[in-house]
Structure formats: structure tokens, C-alpha cells
There are 4 protein chains.
Amino acid sequence: MYQELKRECYEANMQLPKLDLVVYTFGNVSAVDRANGVFAIKPSGVPYEELKVDDIVIVDFDSKVVEGKMRPSSDTKTHAFLYKHWETIGGICHTHSTYAVAWAQAIKDIPNFGTTHADHLTADIPCAPPTADQLIEGDYEHNTGQQILDCFAEKKLSPQEVEMILVGSHGPFAWGKDASKAVYNSKVLEEVAKMAYLTLQINPNAARLKDALVKKHYERKHGKDAYYGQGC
Amino acid sequence: MYQELKRECYEANMQLPKLDLVVYTFGNVSAVDRANGVFAIKPSGVPYEELKVDDIVIVDFDSKVVEGKMRPSSDTKTHAFLYKHWETIGGICHTHSTYAVAWAQAIKDIPNFGTTHADHLTADIPCAPPTADQLIEGDYEHNTGQQILDCFAEKKLSPQEVEMILVGSHGPFAWGKDASKAVYNSKVLEEVAKMAYLTLQINPNAARLKDALVKKHYERKHGKDAYYGQGC
Amino acid sequence: MYQELKRECYEANMQLPKLDLVVYTFGNVSAVDRANGVFAIKPSGVPYEELKVDDIVIVDFDSKVVEGKMRPSSDTKTHAFLYKHWETIGGICHTHSTYAVAWAQAIKDIPNFGTTHADHLTADIPCAPPTADQLIEGDYEHNTGQQILDCFAEKKLSPQEVEMILVGSHGPFAWGKDASKAVYNSKVLEEVAKMAYLTLQINPNAARLKDALVKKHYERKHGKDAYYGQGC
Amino acid sequence: MYQELKRECYEANMQLPKLDLVVYTFGNVSAVDRANGVFAIKPSGVPYEELKVDDIVIVDFDSKVVEGKMRPSSDTKTHAFLYKHWETIGGICHTHSTYAVAWAQAIKDIPNFGTTHADHLTADIPCAPPTADQLIEGDYEHNTGQQILDCFAEKKLSPQEVEMILVGSHGPFAWGKDASKAVYNSKVLEEVAKMAYLTLQINPNAARLKDALVKKHYERKHGKDAYYGQGC
């Protein structure tokens, strides 16, 4: 029944090793089917080179398995939480990509230093503080979702505009209209994280991109008069 | 009619992912046909793995589409401006390659630290200041071309000798006698940007290459008595 | 007689170049057969691209060759020492992977900065001090094993929980239930070493991961109620 | 007549792009035939992907072409000088590999920080000062050879033990018993240069490897009682 959804999820997951975003099993992608209230997600701990379409697990928004023989990703509850609260997103990708993790471990937002960043979002890439101890000891993966939501609320960010976040001491989550776009955003985040790191090494006093350029680059790709791409 | 021009442009574009100069669609190459007053350029937002020769767009020096069904690169007006004002150049390449972007975001010229640099140009690689706000809000991509020209005028540089620039807060542009040479210069710039970054990490007081070596290395490749290469 | 053991050892060794953990012959993996009191190890100085299953050497725990025509790895006595004293380990891997060597040369433990680290061990990755001069001039490779044991004793670490170490001024050793797991741990160590390096570059005051997260991430993969993976 | 020599030279050159030691034409390898007083060297400016065995040029120790239709490498006189003065070496390799060039541009010796370095040489990797101006304006490539010899004389180094050098502001030269060993040494130099760079980033006060370890690691590979490798 969910064959197409599983295939979308499988193909997005298989992009991760090709894009150098994961080693071994350090990542997972999911794809949602909102009409049926379920999403497809990578099974836990299965190496990408062994992953098959039929290994993909279908779960509902309470993380209960609906179809599939394998145990879903240990991060399933974080995905479920985000799908439940952010109704516009269609795919989520979590990795431990190197430069994004380094910023997360440094517990620092990634400053918007240039047009590569502004082509994708106007804000700094937020780094949520590490989850409070009692929430870690409670329903940890569910609470990681809450942590992401709280960070967006506090910084007044919208998940439609900012499609990525760092969870402090942990690593990046990204999302988008579908699973493939979530993977795309994960790659953009890793690349922007590397550029920002190098920028500060070359010039520790590097300034944030000025407002006129932030606006211009974001608008030409995402504004109502966008002229980037083929308009489809 | 422009089949050969399209192929030159296509093949130069396809070099970018092979040389690790782009991820996704973060770059574009063009090739000029001066006899006909047109140039060929990558269509906007098309991934390299899907790009076909027939997708290449032919535009004139006012950026009007002459042939092709797709929308040309969003940076087309910058290319057109440079072709119009610099009559000796035959190809232009723009990327968001990692180390070149880091220097652009740091808003710093890349110092000429060694013979790898001096084999290609004697000057530091210039970083143009970010475009003024009113020019960003105006005809932005056209004005980016103006920004490049102004920087060359101010620094008294010639586009025949210096075939590359960083646009501050944005990234690199390179050019050359044809599209293939423009891509070559983009790769050289990225490599020299990485070497200069590492040099300063090892020795923050590293000195510019001394004049005798700058001259020797540039002249043996580009001077009237050049003896590098096969002389053809 | 030891064909299966040789194959396990061979295949684990051949993972090293694929995982970018070695250049040339800078590494070696062994696999133990405790029932017969022997282990299989890479022959010394043989390039990976020429290595064949039958080149693998079988030695006993006193490093005497039991089967095989080639000279075993020059590090054989270190492997033998560790197998003799740590009865739970089934495979050992030694490399000169770049970032792990850099920390070893800096003679610094790798701090536990994030969940990627805590998914694998709770402690900092220990760096044993360089071996004392009289032990270097004595039975050096045997004494390197002793150095590793002494470091674990001093830091009160268990080889079941901490499956990796840096030997100061030298490089990493890792182990596990079999040779394949030892290689896995070597790759994890290299990746964690790179992340920790970058973390300190971005934030020289980066703090160790807090206890609640250390415990949560380690336990969800390795605790008695672990829920990562497929439980097999 | 020199078919075998050309093939040795060709194959050694073709290793450079595979080992990530060159981009485009930024490198050259030669192989000597001492019985005939000639050496084979890469033609100048020919891309590796187009290079053929028959393109290799045979020159004598005065850099005169003996066989071949193409112009030899612009660095030919440096090779000739070293073959003439160092009678034990059989191959020379020059590259612009990234980390070695960074140290050369920083005009710093690479300190012997660990056993990876000491497995190959006991000394720091020397960085010759940039050539004096009047020697650059004279017979530059010949004088670069002189510069290398002078540096070895001043530091009391032997080309049998130390098979690599950095030429300040320029880049690395390496040599060995044959062309293949010269390429091997170039790769080792690049890897050791990267490790030393990272070591100093992690610990700016990192100390040189202590004498007992320098001696032990060098001797076990190169001493009269060497026990590394298969003894052939």
C-alpha cells in the first residue's frame, strides 16, 4: 500500500552516502503521507549499502509501526513530533555531517556570512541549546522535537523559511516539502557550515552579510517575483 | 545554428562537478560568439546531472534570449556586462567553490604567497567590495558586472593578465580566452585560495612572494620568451 | 586450516583503504581465534592493492608464526600483548589516520564534545603518554601493548566500554568483538577526532558534553534497555 | 631504445593524479638511466589525461634533448642538476601538493612530530630559503638545484636519508632509488605536512618527537637490523 512512499524515503536515504553526509548508519530520512497520517522512515542501524526498499518502516504520528518488519530509526519520535506540529513539511533529514556537527558541538548559530547562505535563508542557522536534563531522562527523542519547536518560537522563525537547525551538542536536522528537499537542505547546511568555519579562520572579525544582499539573494530565489530556476 | 557554441558551453559546465567546484546548481559557465554578438549560458537552476546540450540558452549582450526554451542563468546580466566591456574574453565561469567563497566572505584579497599563484598572475587576487545598497536594489546582476569593472579600474588591473576576481560576500568569477580556460582559472583560484588559507594558519606573518620570483614564474609561462608548455 | 580466519582478517584489512584510513601500508588489522590460541594478521609492508588472502600470517600469542610464508606486521607483538591481556576482544586495528594521528602527536585526549562521540563511548578518548625511553630501546612493540594497558589501568577504563586509544606521538589503536568491529571503531575514532578538532577551532572554550546526554546516548545504544539497531 | 625508461617515467607520472598530488599539469616526475647518462621526464604542460608513453622526453645531464618530439618539463634543469650531483638517486618528483606548498609558502621546516614522520626520516623536513634574486634572474631552474644542494650542505643532511625538501615560496621536491619511490616520498611528504599542520592547530606548543622514538622508528624500517617489510 505504501510502496511509493517507501521508495521516496529509500531514495532520499540513499542520497546521504553519495553526498558524503554520513558514515555507516549516522543518519536517517523520512517522508510523510499526510492523507493517511503516516510517514516512512529508515530502519534503525541498517547500513546504507544493505538497505532495501522493503526495509523502510511505516509509522503513524504517534510513532507506532503501521507496516514493516524492522524497528524504525531511534530518532523516529523526533520526526513524528515535527510532522505533527509543522503541517507544511513533507520530509525530514537528520545526519551527523562533519562541519554541521562541529558548529552544534561548539553550540553556536552559523552566522549568515554570504550569498550562498542567503540564497537559502535570511536568518543565521539557529543552534538550539542542549535539552534540559529532566527532558533527556524523560521521553528524549520526543523532547528533542519540542526543543526544536521552542527554539523556533523563541527566535520567531518559521519552518517554511528556515528549513534547518542545529541541536546543540548533537547535530543537524533539516526538512522541506519532500524527503529529497530535506536531503538537499542537509547538504546546503553542511556546505554553508564549512564556508562559515573557513571565513572565521581567515577573518575572525568577518561581518554578517548586509541586509540589502540578504534580501536580494533570498528574494530572487524565494520571493513573489523570484527569477531563479525554471519557474516550476 | 549555435550548436557548436552550445556544446562548448555544455562541456565547460560539465567540468564543474568533476573538478569539485560545485554542489547542485551553484555555478554557471558561458561561452561567447563575438562574430554573432551572442553567448551561450547554462539555464537557471538545472542540476548538472540532468543538463543536456540543447538546454543551453543563447542570449545577446543585452541578455535577451536568442535561442532556447529555458530561462538563462540568473547571473546572465553579469556575464553580458563583462563580455560587452572586456572584448578580449571568450568565456566566463562563476562558482561558489568553498575556499574562494570563504575569502570572499572574509572580504579579503588573496595574497600572492608563492609560485603556484605567480604561475597564473602577478597581483593578489582582488576582492571587490560588496555592491552598494542602491545598486543591489536596482539592476543587481548588471551592477555586479559594474562592481567588477570598477574594482579592476581602481586597482589598475587588466582582465588579460588577471583572469579572476572575488566579489565580496558572494564568491568567485573567472574568465579566459574560452569557456574551458575560464573553468581552468576557477579551479586554479580555488586551489590557490586553499593554499593561501593554510599558509596563514601555519605562519600568520607569511610574507608576499618576492618580486623576482613573481616576475620569473609569471614570465616563464606568459612572457614573450615563455618556455612553459609546448608553445602552441 | 585457518582459511576462514585469514579471510576475516583479509576483508577487514581491505576495508582500510576504502574508508580512507590508510595510505600505502600504514595500517594493519588482526583477527583472533581464541579456541586455537592464534590470530591472523597482515604481513608487513605489503600494499593493500597487492594483498591476497593467502598472504595473511597466523601467529600465536607469543608472536611466533604458525602458518604463512611472509613476515607478519612489525606491530604484531602489540596485537599479541593485547589479545593475551584482554580476553574479550576479537579483533585489533592500527592505522595512521590523519586526524587521530594529529591528536596523538599533540599528546591530547579527545574530549567528549557531542552525541556522535557518546554514541560510542562515555569517556574522552585517552591518549597514552609516549613510551619511556628504556622501554622503547627494549622490546618496543611488546611494551607499546604494556603502555596501552597501563593507560587504561591509570584512567580506570575498561576495554569493553572504551574500544579505542591514541598512543602519544604515534597514532590510534582500536579493537572490538571481531576484526570488522575494530575497523569500524577506527573509522569512528577518525571521524570523532575531526569533529573535535573543528569544534575547538570554532569555539576554543567548547565544553564537554553534559552527563545526562553522555549517559542517554551511550545507554540507548549499549545499555541493557538499548533500543538502537535491530536488536541482533 | 629508451622504451623501458619512458614507461617507468610515464607510470610514475600517472600516479600523481591518482594520489591527489596534482591538479592539471602542476607536477613532473623523472627517471634516470645512469649507464647511458640520460633521464626521462614529463613533457611540459601536457595534461595527465592526455599523456602517452611516447610523449616522454629523454634528456642528458646538461638538459639537452636526446629523444622525443616534445619540449621537456620547464623544471628539467633542476632534475639534471640533482642527478649530476647526487649519484645515488634514481628518480625525482616535483609537485604543488596542497599542504606541502602551504609549509613552503610559510617558509618553515616541517617538525618531526611523530612516528609517521620518523618511519621515513629522522630530521625535520627542510625548507630551503627562496633563491637569491640574482640567481632567479640567471639560470633559474639550474640554480634551484643549487639551492637544494646548499640547503642540504648547510644542514648537514644526506640525500640518502632525507629524500625530500621544500623549496621556500615554491613547493616540494622528493627523490628516491627510482621514479616510483620518488612519487611515494611525495605522497608521504604531503601526508606528513597535513598531520603536522593539524598537530599545531590542536596544540601550538606540540614538542618534537623524542630521540628514542625517532631512532626506533627510523631504524626498524631503515637500520641494519630493520624488521619492517619482507626484507626484499
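Letters A, B, ... are given to chains in the order of the sequence lines, protein chains preceding strands, and every chain is numbered from 1. Below, each value reflects all heavy atoms present in this structure, side chains not excepted, and no hydrogens, waters or symmetry copies.
With a threshold of 4.5 angstrom between heavy atoms, C:L213 approaches chain A through its backbone and through its side chain. Only the backbone of A:A132 comes within contact range of chain C, with at least one heavy atom under 4.5 Å from a heavy atom of that chain. For chain C, no part of A:V167 is nearby; none of its heavy atoms comes within less than 4.5 Å.
Between chain A and the options C:L200, C:L198, C:L19, the largest number of non-hydrogen pairs under 4.5 Å is found for C:L198.
Under the side-chain contact (heavy atoms from CB on, under 4.5 Å) criterion, C:S158 pairs with C:Q160, C:E161, not counting sequence neighbours.
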Chain C and chain A: which donor-acceptor pairs fall below 3.5 Å?
| unit_1 | atom_1 | unit_2 | atom_2 | d |
| --- | --- | --- | --- | --- |
| C:G114 | N | A:Q105 | OE1 | 3.4 |
| C:T115 | N | A:S169 | O | 3.0 |
| C:T116 | OG1 | A:H96 | ND1 | 2.8 |
| C:E191 | OE2 | A:T98 | OG1 | 2.8 |
| C:T199 | OG1 | A:Q105 | NE2 | 2.9 |
| C:N203 | ND2 | A:A106 | O | 3.1 |
| C:K210 | NZ | A:T131 | O | 2.5 |
| C:K210 | NZ | A:D133 | OD1 | 2.9 |
| C:H217 | NE2 | A:Y140 | OH | 2.7 |
| C:R220 | NH1 | A:D75 | OD1 | 3.4 |
| C:R220 | NH1 | A:E141 | OE2 | 2.6 |
| C:R220 | NH2 | A:D75 | OD1 | 3.3 |
| C:Y227 | O | A:R71 | NH1 | 3.2 |
| C:Y227 | OH | A:E141 | OE1 | 3.3 |
| C:Y227 | OH | A:E141 | OE2 | 2.7 |
| C:Y228 | OH | A:T25 | OG1 | 2.6 |
| C:G229 | N | A:S44 | OG | 2.6 |
| C:G229 | O | A:R71 | NH1 | 3.2 |
| C:Q230 | OE1 | A:R71 | N | 2.9 |
| C:Q230 | NE2 | A:S44 | O | 2.9 |
| C:Q230 | NE2 | A:R71 | O | 3.0 |

